[in-house]
*Asks:* 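Here it is: the structure, laid out below.
Every number for a ligand or one of its atoms is a count from 1 in the order of the listing. On a predicted model such as this, the values are computed, not experimentally measured, just so you know. For the single chain, residues carry numbers from 1 onward in sequence order.
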Amino acid sequence: MNTSIDIIVPCYNEEPGLNYFYTETRKVLDTIENYRFRFLFINDGSQDQTLRELRRLAALHSDVWYLSFSRNFGKEAAMYAGLKHTDSDLVIIMDADLQHPPSMIPSMLKGIEEGYDCAAARRTSRAGESKIRSFFSSMFYRLSNRMTDVQMAQGAVDFRVMTRQMVNAILQLSEVERFSKGIFSWVGFRTKWYPYENVERVIGTTKWSFWGLFRYAISGITSFSIAPLRMVAVTGFIISLAAFLYIIFTLIKTLMFGIDVPGYVTILCAVLFLGGIIELSIGILGEYISHIYLEAKDRPVYIIQESHLEQNSSDSVPDTHHKE
Ligand code: UDP
Ligand code: MG
């Protein structure tokens with residue numbers, strides 16, 4: 001038995017560390033028997049010389065393949081492109097910065113051999129990460145797990161081994177705005193979790209800004225849950241009810257005791273409060289409309305400018321550089 005495994009590696013400005021990533025990972029793979037490994041790097045429109053480095057690696061090693069995007073489409077798009085361009089029996093997704101320890105691959109493969117459909121890594125510590133970021137991250141997991149049907153594991157990272165069956169299921173979700181953490185969980189299947197200590201990035205820098213993560217979190221929640229929409233409706237109902245009661249109270253008071261003119265503070269509070277709630281509600285609606293807008297345009301998730309793939313593993317995307 002020789003199971004084929006493709007390792008999908010999204011790369012954005014990873015030139016300095018790619019060679020090291022390849023040799024370190026290859027070292028681990030060489031100790032594993034009965035599997036045939038290939039690397040499929042996705043150059044996500046890097047501004048540095050990542051593409052040149054990939055061309056060099058591909059010329060040197062017969063197990064290195066790559067796709068290169070015409071611009072930066074984001075890691076989600078890169079992972080999707082990778083999944084679309086492989087037909088291997090198992091698929092591994094991992095980062096190019098060695099923050100996902102290759103040494104975990106052998107035990108993760110054991111999980112698949114045990115009959116799991118997916119073996120996924122989960123960070124148990126957030127060493128080396130700022131306090132604020134960890135705080136918001138844990139808030140996000142709590143919020144989204146409460147509001148959505150899909151349960152996302154705290155600290156889950158995009159380091160996974162998946163069976164062909166699960167990959168095919170993921171590819172059936174063809175949405176343009178992809179939120180993989182949710183998608184992985186939404187498709188179901190049995191996942192075995194592998195906890196590990198956070199590894200700090202050795203070479204290069206993180207591509208995530210705080211606001212980038214914040215937007216990602218909002219779009220993650222709103223693409224898997226309509227709970228915020230319900231909240232708008234419920235808030236509207238509660239406020240209407242309260243207003244109704246207050247109107248009756250005021251009417252009775254006026255009928256019995258006449259009008260007392262001062263009421264400036266009450267009016268001001270009501271106006272500001274309602275104004276805030278209305279703005280917030282419109283914002284939440286807007287979030288969903290933006291999802292509809294982006295999905296309705298149905299633009300491609302990524303555009304490939306150059307690819308170096310084995311012939312049989314490419315789909316109908318026009319490729320410029322083919323090599324057998
Ligand atoms: N990445 C990508 N496109 C992007 C941003 C990141 O392909 O727009 C890749 C990056 O090269 C790395 C992985 O996604 O392999 C994780 O990125 P990073 O290390 O910056 O994120 P972090 O580990 O801080 O979450
Ligand atoms: Mg990283």
*Asks:* Can you find an N/O atom of Ala78 closer than 3.5 Å to an N/O atom of ligand 1?
*Replies:*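 No; the residue has no nitrogen or oxygen that sits under 3.5 Å from a nitrogen or oxygen of the ligand.
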
*Asks:* For atom 14 (O) of ligand 1, what is the closest protein heavy atom, and at what distance to 0.1 Å?
*Replies:*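 For atom 14 (O) of ligand 1, the nearest protein heavy atom is Lys75 CD, 3.2 Å.
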
*Asks:* Under the side-chain contact (heavy atoms from CB on, under 4.5 Å) rule, what do Phe21 and Asp97 come out as? Steps first, then yes or no, please.
*Replies:* CA-CA 7 Å; Phe21 167 81; Asp97 54 9; over 6 Å; no

*Asks:* Check ligand 1 against Asp97 and write out every atom of the ligand that is under 4.0 Å from a heavy-atom position of the residue.
*Replies:*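 Answer for ligand 1: 19 (O), 23 (O).
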
*Asks:* Considering only non-hydrogen protein atoms, determine which one is nearest to atom 21 (O) of ligand 1 and report residue, atom name and distance to 0.1 Å.
*Replies:*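 Result for atom 21 (O) of ligand 1: Trp208 CD1, 3.2 Å.
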
*Asks:* Out of curiosity, does Val28 fall in the hydrophobic cluster containing Ile93 (side-chain heavy atoms, cut-off under 4.5 Å, transitive links)?
*Replies:*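 No.
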
*Asks:* Decide whether Ser223 and His291 meet the rule of one side-chain donor and one side-chain acceptor closer than 3.5 Å.
*Replies:*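 Side chains of Ser223 and His291: no pair found under 3.5 Å.
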
*Asks:* Where on Ala96 is there a heavy atom closer than 4.0 Å to ligand 1, on the side chain, on the backbone, on both, or on neither?
*Replies:*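 Contact part for Ala96 vs ligand 1: both backbone and side chain.
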
*Asks:* Is ligand 1 under 4.0 Å from a heavy atom in the side chain of Ile42, in the backbone, in both, or in neither?
*Replies:*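 Answer for Ile42: neither.
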
*Asks:* May I ask you to list the atoms of ligand 1 that are less than 4.0 angstrom from any heavy atom of Asp95?
*Replies:*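 It comes down to these atoms of ligand 1: 13 (C), 15 (O), 16 (C), 23 (O).
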
*Asks:* Do the two ring centres, one from Tyr196 and one from Phe159, sit under 6.0 Å apart?
*Replies:*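 No.
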
*Asks:* Quick one: look up the protein heavy atom nearest atom 1 (N) of ligand 1 and list residue, atom name and how far away it is.
*Replies:*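 Answer, as residue, atom name and distance: Tyr12 CB, 3.7 Å.
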
*Asks:* Nearest protein heavy atom to atom 17 (O) of ligand 1, by residue and atom, and its distance?
*Replies:*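 Scanning the protein heavy atoms, the shortest distance from atom 17 (O) of ligand 1 goes to Arg201 NH2, 4.1 Å.
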
*Asks:* Can you sort out which atoms of ligand 1 are near Gly74, meaning under 4.0 Å from one of its heavy atoms?
*Replies:*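 Answer for ligand 1: 3 (N), 8 (O).
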
*Asks:* Can you name the one residue among Arg123, Arg178, Arg122, Lys75 that meets salt bridge (charged side-chain N to carboxylate O under 4.0 Å, His left out) with Asp158?
*Replies:*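 The single option meeting the salt bridge (charged side-chain N to carboxylate O under 4.0 Å, His left out) with Asp158 is Lys75.
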
*Asks:* Which residue and non-hydrogen atom of the protein lie closest to atom 15 (O) of ligand 1, and at what distance in Å?
*Replies:*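 Minimum-distance protein heavy atom for atom 15 (O) of ligand 1 reads Pro10 O, 2.7 Å.
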
*Asks:* Is ligand 1 under 4.0 Å from a heavy atom in the side chain of Glu14, in the backbone, in both, or in neither?
*Replies:*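 Just the side chain.
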
*Asks:* State which residues pass ring-ring contact (aromatic ring centres under 6.0 Å, His included) with Phe184; sequence neighbours excluded, sorted by chain then number.
*Replies:*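 Residues passing ring-ring contact (aromatic ring centres under 6.0 Å, His included) with Phe184: none at all.
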
*Asks:* State plainly whether one hydrophobic cluster holds both Leu294 and Leu229, where clusters connect Ile, Leu, Val, Met, Phe, Trp and Tyr through side-chain heavy atoms under 4.5 angstrom apart.
*Replies:*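 Not linked; separate clusters.
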
*Asks:* List the closest protein heavy-atom neighbour of atom 6 (C) of ligand 1: residue, atom name, distance to the nearest 0.1 Å.
*Replies:*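 Sorting protein heavy atoms by distance from atom 6 (C) of ligand 1 puts Lys207 CG, 3.7 Å first.
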
*Asks:* If you have a sec, work out which protein heavy atom is nearest atom 23 (O) of ligand 1 and how many Å separate them, to one decimal?
*Replies:*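 The closest heavy atom on the protein side is Gln99 OE1, 2.7 Å.
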
*Asks:* Check the pair Arg56 / Glu53 against salt bridge (charged side-chain N to carboxylate O under 4.0 Å, His left out), numbers first and verdict last.
*Replies:* CA-CA 5 Å; Arg56 193 183 70 82; Glu53 182 67 2; 3.0 Å; yes

*Asks:* What residue and atom, counting heavy atoms only, is the protein's closest point to atom 24 (O) of ligand 1, and at what distance?
*Replies:*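 That would be Thr206 OG1, 2.6 Å.
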
*Asks:* Any luck finding a side-chain donor-acceptor pair between Asp63 and Tyr22 under 3.5 Å?
*Replies:*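 The answer is yes; a qualifying pair exists.
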
*Asks:* How far does CG of Leu90 sit from CD of Glu113, to the nearest 0.5 angstrom?
*Replies:*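 CD of Glu113 is found 9.0 Å from CG of Leu90.
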
*Asks:* Can you tell which part of Asp44 has a heavy atom less than 4.0 Å from ligand 1: side chain, backbone, both or neither?
*Replies:*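 Asp44 to ligand 1: side-chain contact only, backbone stays beyond 4.0 Å.
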
*Asks:* So if you build clusters from Ile, Leu, Val, Met, Phe, Trp, Tyr with side-chain heavy-atom gaps below 4.5 Å, do Leu173 and Val176 land together?
*Replies:*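 Leu173 and Val176: separate clusters.
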
*Asks:* Can you list, by chain and residue number, the protein N, O or S atoms under 2.8 Å from the Mg ion (ligand 2)?
*Replies:*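 You should have found Asp97 OD2, Gln99 OE1.
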
*Asks:* In this structure, would Phe214 and Leu143 fall into the same cluster of hydrophobic residues linked by side-chain contacts under 4.5 Å?
*Replies:*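 Not linked; separate clusters.
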
*Asks:* Using a strict cut-off of 4.0 Å, indicate which atoms of ligand 1 neighbour a heavy atom of Cys11.
*Replies:*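 The atoms of ligand 1 under 4.0 Å from a heavy atom of Cys11 are 7 (O), 11 (O).
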
*Asks:* Applying side-chain hydrogen bond (donor to acceptor under 3.5 Å, both in side chains), can you list everything that pairs with Tyr116, at least two apart in sequence or on another chain?
*Replies:*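 With sequence neighbours excluded, Tyr116 shows a side-chain hydrogen bond (donor to acceptor under 3.5 Å, both in side chains) to no residue whatsoever.
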
*Asks:* Mind checking side chain to side chain contact (heavy atoms under 4.5 Å, CB included) for Arg142 and listing every partner two or more places apart, or none if nothing turns up?
*Replies:*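 Checked Arg142 against side chain to side chain contact (heavy atoms under 4.5 Å, CB included); matches are Ser138.
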
